[in-house]
Amino acid sequence: MKYFTLLLLSLVILASPILAQDYSDEDGLAGILEDDMLSGGELEVDLGGSFAQDPTETPEIETSAASLYRLSIDHAVSFRTGEIKSMVNNRTGLNLDYAGSLAAGLYAKIDATGTLYWAKDHRAQTAEKDYDYDGLIREAWVQKSYDQINFKVGLQSIVWGDVEGAQATDTLNPTDNSEFLFVDFEDVRIGQATVLTNLYTDHFKLEAFVTPTPLFNKNPPSNSIYAYPNPFASLDVTEAEKPNPEYGARVKFKVGASEMALLAAKLTPNQPLYKLEGAGLTEVAQPFLLYGFNFNYPSGQTLFKADLGYKTDQGVNDQSFDLVFKDRLDAAFGVETTFSQHSLVASVSLSTIQNWDESLVVAKQSGFYNLSWSKSYLNEDLTLNLGALGVISKSDTITSAIADYRTSDQLQFSCRLFYFSVTDTDSQFYSFREENRAEIASKYQF
């Protein structure tokens, strides 16, 4: 797959001068690419408080082939700045994002990325090579739209949740955890082969999906600098059997200014658990049921959000490293507000194990908080962002400072700083405790 992706991106670069000839972007590239159907998946039109899809609103794309795809190249280097000082990242990426109409009511999208890891990049060092490379197709789907219903088939991500970064109900897609804390959450979702349908009516929107073969999370290799501490690394592991199909539905409706959604799904855990059997470990990925609720309410320049998810049969290890299955209640609450061009976002995620007892190796309750501030300057060419991610009831915190500067419509530079304060050996952030980081990156869009 990685060879195919790199070859595809190389061919697009070679062909881009030809595709660009004798075409003009009269309708505006930004307007096309920011359309809901193209950037987010399905077409959703809000008609005076209803979810009905008006066929007269369906965009007919008649612009050139050159305006239907975005091709970009980027390079990033980053360094550890704590007690351990070294280069960590030295990599070049190539991204192709295509979205366009194939015929009346038929649309397609592909988002493919190839990355070359140069010497001293930790990925190349983990692979014990002078350089390494990989490819990833995040999305590749086609969608057929009718008057009030559409069908989408292919690699795609389904986002069920209103609070960004929270996983109370947004657990449908697995994630790439190889560098989890240094990648935007929206970019770590792994697309799965899925059949998705959306039905729009005057009163609600119904969304249903089936994923025949769900995938697991992608975790860092055992010799990676981000590998999770594993006291059982020397034991043989029996991998989990092929997971069962996933399926579910969500209905979204409006009550005044509020939007609400009820959802239910049968899912496979994105991360297999382990139980001790004899002299080895056995992976377990027992299906579970998810029942959830999403809510958002705007008030002036402020938006309030909430996600609630009740999950059955969540595996938890006890003191003997056997698996015990308990139900779990997850909740996330968020608020976003803007004043004087300052944007503030705050959220908290909480999780409670039902029928908890002292034989379990995890706490009954756990939680995280997330805070961020951002503001744009210089006619929105410069954007500054400060953020903090912390563990409730513990001292673990991760703070970040990010500056993005766009010199033109094509060229952008960014600088990111991360500071980790992690002392708890049981923390899931413990493997990042020495990862204070400074990163400089550039991106050029053709």
Side-chain angles (χ1 to χ4, degrees), residues 1-44 57-75 92-116 133-145 150-159 173 176 183-184 186-198 209 406 408-412 442-446:
M1 179 63 73
K2 65 183 180 182
Y3 300 103
F4 170 76
T5 306
L6 292 172
L7 177 60
L8 174 64
L9 297 177
S10 300
L11 290 175
V12 171
I13 289 180
L14 294 175
S16 58
I18 301 174
L19 293 173
Q21 291 179 358
D22 300 326
Y23 291 114
S24 63
D25 188 10
E26 297 177 356
D27 294 334
L29 175 58
I32 296 172
L33 294 175
E34 291 175 0
D35 185 272
D36 287 343
M37 182 278 299
L38 296 180
S39 62
E42 70 276 359
L43 174 65
E44 180 178 341
E57 296 291 334
T58 302
E60 294 295 337
I61 302 174
E62 298 178 352
T63 52
S64 68
S67 69
L68 300 182
Y69 74 89
R70 289 180 297 184
L71 183 64
S72 62
I73 186 170
D74 61 82
H75 188 80
T92 301
L94 191 64
N95 177 256
L96 169 66
D97 191 350
Y98 170 87
S101 175
L102 303 179
L106 184 63
Y107 308 94
K109 178 177 174 63
I110 182 170
D111 182 357
T113 300
T115 305
L116 178 61
Y133 54 90
D134 64 17
L136 173 66
I137 299 179
R138 292 193 180 95
E139 291 185 281
W141 51 259
V142 293
Q143 175 180 298
K144 178 62 178 178
S145 298
N150 61 46
F151 300 92
K152 188 195 300 185
V153 180
L155 290 177
Q156 53 191 299
S157 296
I158 302 176
V159 180
N173 283 78
D176 183 349
V183 183
D184 292 338
E186 297 299 321
D187 295 331
V188 299
R189 289 189 180 93
I190 298 174
Q192 300 183 110
T194 300
V195 179
L196 175 70
T197 182
N198 290 279
F209 78 94
R406 184 179 296 275
S408 65
D409 291 339
Q410 290 77 37
L411 184 59
Q412 177 180 331
S442 61
K443 180 178 180 180
Y444 185 84
Q445 182 171 304
F446 296 90

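- Between the Gln143 side chain and the Asn150 main chain, no donor and acceptor come within less than 3.5 Å of each other.
- Taken to the nearest 0.5 Å, the CG atom of Leu136 stands 9.0 Å off from the CG atom of Leu155.
- Remark: the His75 side chain and the Thr92 side chain contain an N/O donor-acceptor pair separated by less than 3.5 Å.
- Judged as a side-chain contact (heavy atoms from CB on, under 4.5 Å), and not counting sequence neighbours, the contacts of Val183 are Glu179, Asp187, Val188.
- For Lys144, the NZ atom counts as densely surrounded, since its 6.0 Å shell holds more than 12 non-hydrogen atoms of other residues, nucleotides or ligands.
- Here NZ of Lys443 is found 11.5 Å from CG of Leu411. Values are rounded to the nearest 0.5 Å.
- Look at Asp97 and Arg70 and you find a salt bridge, because one of the NZ, NE, NH1 or NH2 atoms lies within 4.0 Å of a carboxylate O, short of that distance.
- Once rounded to the nearest 0.5 Å, the distance linking CD1 of Ile190 with OG of Ser157 reads 9.0 Å.
- Under the side-chain contact (heavy atoms from CB on, under 4.5 Å) criterion, Val159 pairs with Asp170, Arg189, not counting sequence neighbours.
- The structure places CG of Leu196 at 5.0 Å from CD1 of Ile158, a figure rounded to the nearest 0.5 Å.
- The ring-ring contact (aromatic ring centres under 6.0 Å, His included) test applied to Tyr444 returns Phe446, not counting sequence neighbours.
- In this structure, Asn95 contributes its side chain and Leu71 its backbone to no donor-acceptor pair below 3.5 Å.
- Rounded to the nearest 0.5 angstrom, Leu102 CG and Tyr107 OH are separated by 10.0 Å.
- Applying the salt bridge (charged side-chain N to carboxylate O under 4.0 Å, His left out) rule to pairs touching residues 98-107 yields nothing, sequence neighbours excluded.
- For Asp111, the salt bridge (charged side-chain N to carboxylate O under 4.0 Å, His left out) partners at least two apart in sequence or on another chain are Arg138.
- Residues meeting the side-chain contact (heavy atoms from CB on, under 4.5 Å) test with Gln412, sequence neighbours left out: Asp404, Arg406.
- For the atom pair Lys109 NZ and Lys152 NZ, the distance stands at 9.5 Å (nearest 0.5 Å).
- Leu96 is listed as a side-chain neighbour of Tyr69, based on a closest heavy-atom distance under 4.5 Å.
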